[in-house]
Amino acid sequence: MSNSALGLAALLAGASLLHADDWPQWLGPKRDGVWREAGIVEKFPAGGPKFRWRVPVNPGFSGPAVAGGRVFVTDRKLAQGAKVNEEDPFDLSVVAGSERVLCLDEATGQPLWQHEYTAPYGMSYNSGPRATPVVSGDRVFTLGAEGHLLCLDAKSGKMVWARQFKKDFGVKTPLWGFAAHPLLDGDKLICLVGGNGTAAVAFHKETGKELWRALSAKEPGYAPPTIIEHGGRRQLIIWHADSLNALDPETGKPLWSVPSKIRQAVSIAMPRQLGDLLYVTSFYNGSLMVKLDAQGPGAQVLWATQKISEKDTRHLNALMTTPFLEAGHIYGVCNHGQFRCLEAATGKRVWEDRTIVTKGEELECANAFIVKNGDRFFLCAENGDLIIATLSPTGPKEISRTKLLAPTLSYQGRDVVWSHPAFANGHIFARNDKELVCVDLRK
């Protein structure tokens with residue numbers, strides 16, 4: 001091979017290793033929980049990966065978004081003298097405070113701007129906002145826990161437009177706040193609102209003008225809207241506490257609906273598609289798998305958990321963990337920390353592991369975030385550990401583990417981290433209730 005050919009090969013190899021992606025929304029660029037960058041560490045070094053920066057933040061459940069050299073996150077500040085009743089998370093007394101959108105420089109963590117607004121909280125687990133920001137071009141969209149939907153200029157933080165769900169649509173704050181991560185589809189920002197005829201609402205991304213409204217739901221639930229493609233068309237999937245639905249994303253027109261009454265409205269994990277299958281899972285009701293019609297929009301129940309139970313679980317009863325589906329199998333965390341693999345077509349359990357997520361303990365509402373990179377997965381456990389593992393029908397295999405964050409939220413006598421991280425440009429960006437960190441995961 002000539003010197004010029006060798007040089008070209010080296011450049012191409014370097015380019016593949018240096019390929020980098022932003023993480024502009026919930027679950028990444030394609031909203032699928034896949035981190036497509038190459039050149040990522042295979043195993044953590046003995047001393048752990050390098051922390052690039054740490055920045056103090058206020059409490060919140062919302063994950064960061066990374067785009068255009070900037071990091072966006074939302075948090076909450078209590079009003080002076082206000083207190084959160086940590087002993088009773090179901091105390092719905094109104095607590096004064098404000099929500100904040102914070103923008104940081106991706107390289108340094110230096111704050112660039114912040115936008116703060118008054119937001120009294122009257123909900124369970126009232127420490128902060130839930131939804132990950134959505135970034136597109138020069139706009140960032142955020143949803144607060146009390147229904148404040150904002151469009152801000154990503155460079156300056158200047159308000160472009162705002163909506164308030166409770167005022168604009170006459171709905172109440174859900175028990176655990178407005179939490180469904182907004183979906184940006186073309187010129188439409190699609191949100192779960194709730195109420196009569198407004199369970200799902202599409203807003204114009206540039207003006208905030210309502211484009212369409214659809215469905216009725218006494219409880220909207222918390223599951224992020226998602227777009228699938230099947231039967232020759234794009235379908236917008238809305239899973240609220242009464243049913244699993246598909247809409248025409250352009251008009252909001254209903255395409256099909258499958259009844260799915262969810263106990264305590266905990267429809268939280270995002271629906272996941274695998275070919276002609278569509279899957280949802282909840283803490284009490286368990287699993288529901290529908291088969292999508294081949295010739296056009298439609299769906300039929302393929303299999304479902306019949307017994308509503310918190311502990312006697314047959315399939316997968318996930319609370320917050322959005323499962324990962326591939327190669328005919330489902331991988332997810334059941335409601336007490338059991339990491340499980342199921343056959344997608346039948347629901348049959350293939351394996352269960354009790355060591356990776358909770359280290360053998362049975363912990364109520366245990367959670368881990370699952371993100372694929374190459375042929376392995378990064379698992380962000382609720383105890384603040386970052387785990388590299390392989391997942392297959394033959395079983396899980398832990399490769400490496402490091403401490404990423406200190407768990408800071410108190411739940412059932414243990415401290416947890418319940419905020420989804422972002423994987424962008426060779427780094428992980430993760431937060432607890434005290435700090436946001438940027439950690440280098442490049443080889």
Side-chain angles (χ1 to χ4, degrees), residues 25-27 58-63 65 72-77 84 89-90 92 94-101 115-134 140-152 161-184 188-203 205 208 210 213-226 236 238-242 262 264-271 282 319-320 322 418-420:
Q25 62 172 335
W26 159 253
L27 286 187
N58 300 320
F61 297 96
S62 59
F72 303 87
V73 71
T74 58
D75 60 14
R76 171 167 164 80
K77 183 172 69 176
V84 174
F90 290 93
L92 304 184
V94 175
V95 178
S98 59
E99 287 182 329
R100 178 179 66 158
V101 184
H115 177 84
E116 189 172 340
Y117 56 94
T118 300
Y121 274 20
M123 71 193 75
S124 178
Y125 290 95
N126 56 4
S127 59
R130 283 81 161 121
T132 298
V134 182
V140 55
F141 306 91
T142 64
L143 175 63
E146 285 286 356
H148 295 85
L149 181 65
L150 307 182
C151 172
L152 304 175
W161 57 262
R163 302 295 299 260
Q164 217 295 321
F165 290 173
K166 294 195 294 183
K167 177 182 177 182
D168 295 349
F169 300 98
V171 297
K172 295 181 179 180
T173 302
L175 178 61
W176 290 288
F178 291 95
H181 312 278
L183 168 66
L184 187 61
K188 303 174 299 299
L189 186 69
I190 301 168
C191 299
L192 256 62
V193 174
N196 187 20
T198 56
V201 179
F203 304 91
K205 71 173 186 178
E210 181 183 322
R213 56 175 65 185
L215 304 175
S216 295
K218 183 178 179 181
E219 295 286 349
Y222 311 89
T226 187
L236 168 64
I238 301 292
W239 182 38
H240 57 61
D242 294 326
I262 303 300
Q264 289 196 351
V266 286
S267 51
I268 299 175
M270 191 178 78
S282 66
L319 180 65
M320 292 170 286
T322 291
W418 279 351
S419 300
H420 197 286

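Note that this is a predicted model, so its numbers are computed, not measured.
Residues C191 and P182 meet the side-chain proximity criterion, which asks for heavy atoms closer than 4.5 Å. Side-chain contact between L92 and S124 is present, with heavy atoms from C-beta onward closer than 4.5 Å. By the 4.5 Å heavy-atom criterion applied to side chains, R76 and V95 are counted as neighbours. Contact of the V201 side chain with the D168 side chain is not registered, since no non-hydrogen atoms from C-beta on lie closer than 4.5 Å. Side-chain contact between I262 and W239 is present, with heavy atoms from C-beta onward closer than 4.5 Å.
Remark: the backbone N or O of M270 is paired with a side-chain donor or acceptor of T322 at under 3.5 angstrom. Between the R163 side chain and the G208 main chain, a donor and an acceptor come within less than 3.5 Å of each other. Side-chain atoms of H181 come within 3.5 Å of backbone N or O of T132 as a donor-acceptor pair. The closest donor-acceptor contact from the side chain of S419 to the backbone of F61 lies under 3.5 Å. Using modelled atom types, one side-chain atom of S216 and one backbone atom of G197 make a donor-acceptor pair closer than 3.5 Å.
Note: F165 and F169 have perpendicular aromatic rings, judged against thresholds of 30 and 60 degrees for the angle between ring planes.
Using modelled atom types and a 3.5 Å distance limit, the side chains of T142 and T74 yield no donor-acceptor pair. Checking E146 against Y121 by side-chain atom types alone, no donor-acceptor pair falls below 3.5 Å.
A199 and A217 get closest at one heavy-atom pair: CB-CB, 4.0 Å. Considering every non-hydrogen atom in both A145 and G128, the closest pair reads CB-O, 4.2 Å. Closest approach of G194 and P220 over heavy atoms only: CA-CB, 3.7 Å. When all heavy atoms are compared, the tightest approach of P225 to A180 is CD-CB, 4.4 Å. The heavy-atom pair separating H240 from S267 by the smallest distance is C-OG, 3.6 Å. Contact detail for Y117 and G144: the closest heavy-atom pair is OH-CA, 3.9 Å.
Taking NE2 from H115 and CD from E99, the interatomic distance works out to 10.0 Å, rounded to the nearest 0.5 Å. Note that CG of L152 and CH2 of W161 are 9.5 Å apart. Values are rounded to the nearest 0.5 Å. To the nearest 0.5 Å, atoms CG (L192) and OH (Y222) are separated by 11.0 Å. Atoms NZ and NZ, on K166 and K172 in that order, are 11.0 Å from each other to the nearest 0.5 Å. Atom CG of L183 is separated from atom CD of Q25 by 7.0 Å, given to the nearest 0.5 angstrom. Atom CH2 in W26 sits 5.0 Å away from atom NE2 in H420 (nearest 0.5 Å).
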